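Working notes for the structure below.
Letters A, B, ... mirror the listed sequences (proteins, then strands); counts begin at 1. All values reported here derive from a predicted model rather than from experimental measurement.
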Amino acid sequence: MTENVTHDLKVDHTRDERARQNFVSGMRNYVLNGLAAHLRTVYDNKVEPAFVKANKRKPKDGPEVHKAMKDETLFKYYSNLRCNTQEAVWRSVIPGVEREIEDLNRRAQVLSQSTENAQGTLTVDPKFDVPRYVSELDVHLMPGNYHEERVAGDISQGAIYENGLSVFAMGLLGSRMDDITQSVSTYFQMRNPDFKPTRILDMGCTAGHSTLPWKDRYPEAEVIGIDVGAPMVRYAHARAQSYGVTAHFAQKDAEHAGFEDESFDIIYSCMFLHEVPGKNIRNILKEAHRMLKPGGVMIHYELPPNNIMTPYDGFYLDWDAYYNKEPFYKPFRDMDPSDECARAGFDKKDFFYYIAPSLNFYGTDALKKAADEDKAQSDSNVGRFGDGVKWFTFGCWKH
Amino acid sequence: MRVVKATKPKTKLRYSVKGKQSKFFDAQGVDELVSICMMLAQELWVVKERLATVECVAEKKGIVLGDEIEDHEFTPDQRAAIDDEKKAYLDRVFFTLREQAEALEADTSNEPDAPAVP
């Protein structure tokens with residue numbers, strides 16, 4: 001079921017709006033678990049045998065599976081309903097945000113200016129140039145994307161994003177919608193118990209779900225979130241203040257974040273790189289390398305690369321690149337993360353990746369067991385939003 | 001039923017996604033038809049959830065008041081029951097898709113043919 005936003009930026013959705021949201025969460029569950037299983041049945045029983053008969057071999061990669069699947073009626077329904085459901089996620093929360101927008105903006109301003117619960121800072125750049133790959137695209141079919149503003153001090157896109165995420169997540173991300181970074185950071189801490197970071201940067205932080213869990217792991221560390229969307233950093237800051245967590249937020253482009261050389265122990269991102277074109281990803285990784293202290297670590301929660309997936313799972317995950325307005329998703333998944341780290345100045349031998357079971361779904365014991373074993377074994381649950389999800393993470397130490 | 005008077009928002013947000021739309025079906029209008037069906041399913045769900053709310057509130061109080069319906073929160077058990085019903089409901093609405101997949105799992109090699117279509 002939908003986990004509703006509960007902090008001081010909570011939107012008062014009507015009973016029928018909440019029912020619409022519940023429907024969309026259920027519909028997503030149906031499409032991503034029910035219909036996706038039927039899709040697999042069609043592939044195993046019909047499409048792959050026909051392909052093998054015609055070609056004397058199995059499909060070699062995701063695009064070959066895609067080509068063989070795309071004329072299947074069930075694939076068309078799956079895809080159409082997934083697009084419709086994705087759009088319905090945002091449309092189910094926009095009316096409440098629209099109704100309360102003036103009050104939400106005022107509440108955010110009060111929270112940001114208050115130093116009572118927390119002492120984080122907010123920096124918005126009025127002359128900021130939003131990169132084209134954000135300004136020209138409604139990423140994952142979200143009207144207004146991360147950056148659109150209608151009035152001064154606007155946070156509405158932040159509110160749409162977080163409320164939408166609560167519908168999208170079907171309860172998988174927990175009550176603060178932060179399961180990914182809770183799981184990933186806990187796994188990292190379990191693997192590296194002696195590592196004591198004092199300064200942590202979260203790049204592409206959106207509403208701050210990926211930023212605040214680092215403060216849970218390392219309460220003494222200074223934690224900073226940056227994003228290109230002004231509504232996002234305003235929202236993230238007000239949200240952190242409401243939760244009583246001191247974290248700093250600034251409108252900055254991760255390609256040229258501009259912090260001093262060798263000034264962070266951890267540079268992190270969560271579900272960020274796959275929304276960025278390849279050449280910009282390379283600049284971001286170089287910038288991270290510059291800003292990391294020797295002995296520091298870069299960590300990215302991401303979609304797993306195609307080179308560790310079966311052709312069918314690759315096809316399944318790449319769907320978003322073609323149909324969900326996430327055009328850089330497949331080029332990113334076709335990259336080899338260890339090559340990209342090396343290109344950015346890291347040493348390839350310091351590269352690592354791990355697969356963290358969802359804390360919310362599996363619990364702490366399972367996460368501890370996985371961290372102890374550290375097998376990084378890929379399977380169909382990795383990066384795939386649904387029951388039993390596991391989170392793929394890669395990174396590199398700097399020496 | 002409590003009637004909520006619609007007010008025009010001072011600041012309008014955008015509901016439509018900009019740019020090219022994905023289309024999946026060859027026949028014109030089918031993508032739109034599926035979209036309309038899904039929205040109908042959603043609105044029917046809204047009615048079903050409101051009705052469930054009415055029943056829960058009525059049971060609790062013996063009297064139905066509009067504001068109580070608006071503010072009612074399901075208990076975790078009620079929520080779990082209604083979520084189960086939603087799952088079954090979706091399976092019913094989209095049954096044809098499940099049937100297509102399941103048909104592939106059954107051995108139908110001995111099924112008698114229907115007469116040839118003239």
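The heavy-atom pair separating L97(B) from L74(A) by the smallest distance is O-CD1, 3.3 Å. Of all non-hydrogen atoms in R18(A) and H72(B), the two that sit nearest each other are NH1-O, 4.2 Å. Between V17(B) and P143(A), the closest heavy-atom pair is CG2-CG, 4.2 Å. The two atoms that bring L137(A) and K18(B) nearest to each other are N-CE, 3.9 Å, heavy atoms only. When all heavy atoms of E73(B) and R15(A) are compared, the pair lying nearest together is N-NH2, 4.3 Å. Residues K325(A) and K20(B) approach most closely at NZ-O, 2.7 Å, considering heavy atoms.
Using a 3.5 Å distance cut-off with no hydrogens or angles, the side chains of T11(B) and E98(A) do not pair a donor with an acceptor.
With a 4.5 Å cut-off on non-hydrogen atoms, V151(A) touches chain B through its side chain but not through its backbone. Only the side chain of E43(B) comes within contact range of chain A, with heavy atoms under 4.5 Å apart. Of the two parts of E17(A), neither the backbone nor the side chain holds a non-hydrogen atom closer than 4.5 Å to a non-hydrogen atom of chain B. Only the backbone of Y322(A) comes within contact range of chain B, with heavy atoms under 4.5 Å apart. For chain A, the nearby part of S16(B) is the backbone; its heavy atoms alone come within less than 4.5 Å. F94(B) touches chain A through backbone and side chain together, each having a heavy atom under 4.5 Å away. If you measure heavy-atom distances from A80(B) to chain A, you find no contacts under 4.5 Å at all. For a residue to count as touching a neighbouring chain, one of its non-hydrogen atoms must lie under 4.5 Å from one of that chain's; by this rule N45(A) touches chain B with the side chain only. Using a 4.5 Å cut-off between heavy atoms, Y77(A) contacts chain B through both its backbone and its side chain. Contact annotation for K48(B): neither backbone nor side-chain heavy atoms come within less than 4.5 Å of a heavy atom of chain A. The contact between S156(A) and chain B is made entirely by side chain atoms (from C-beta outward), counting heavy-atom distances below 4.5 Å.
Contact count against chain B (heavy-atom pairs under 4.5 Å) is highest for I94(A) among T85(A), L141(A), I94(A). Between chain B and the residues G26(A), S79(A), A88(A), the most heavy-atom pairs under 4.5 angstrom are made by S79(A). Contact count versus chain B (heavy atoms, under 4.5 Å) is highest, among M142(A), E136(A), Q157(A), for E136(A). Most heavy-atom pairs under 4.5 Å with chain A, from the set V30(B), L104(B), I82(B): that is L104(B). Per-residue heavy-atom pair counts under 4.5 Å with chain B were compared for R99(A), K70(A), E87(A), and the maximum is reached by E87(A). Counting heavy-atom pairs closer than 4.5 Å to chain B, the top residue among S92(A), G144(A), G34(A), P95(A) is P95(A). Note on M38(B), E102(B), K87(B), E105(B): by heavy-atom pairs under 4.5 Å with chain A, the leading option is M38(B). Ranked by heavy-atom pairs under 4.5 Å with chain B, the list R150(A), E148(A), R20(A) is led by R20(A).
Under a 4.0 Å N-O distance rule, the pair R14(B)/D138(A) qualifies as a salt bridge.
Not counting sequence neighbours, the partners of R107(A) by the side chain to side chain donor-acceptor pair (under 3.5 Å) test are E100(A), D103(A).
Inter-residue side-chain proximity for N22(A) and R79(B) is flagged as met; some heavy-atom pair is nearer than 4.5 Å. Between K76(A) and D26(B), some side-chain heavy-atom pair lies under the 4.5 Å cut-off. Inter-residue side-chain proximity for L90(B) and F23(A) is flagged as met; some heavy-atom pair is nearer than 4.5 Å. Looking at heavy atoms from C-beta onward, I101(A) lies out of side-chain contact with P9(B) at the 4.5 angstrom threshold.
Two rings, from Y323(A) and F24(B), have their centers less than 6.0 Å apart.
By the neighbour-count criterion of 12 heavy atoms within 6.0 Å, atom NZ of K46(A) is sparsely surrounded, having that number or fewer from other residues, nucleotides or ligands.
Rounded to the nearest 0.5 Å, atoms CD (Q21(B)) and SG (C83(A)) are 9.0 Å apart.
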*Does the pair K10(B) and E102(A) meet the rule for a side-chain contact (heavy atoms from CB on, under 4.5 Å), with working shown?*
CA-CA 8 Å; K10(B) 267 197 271 178; E102(A) 286 80 13; 3.4 Å; yes

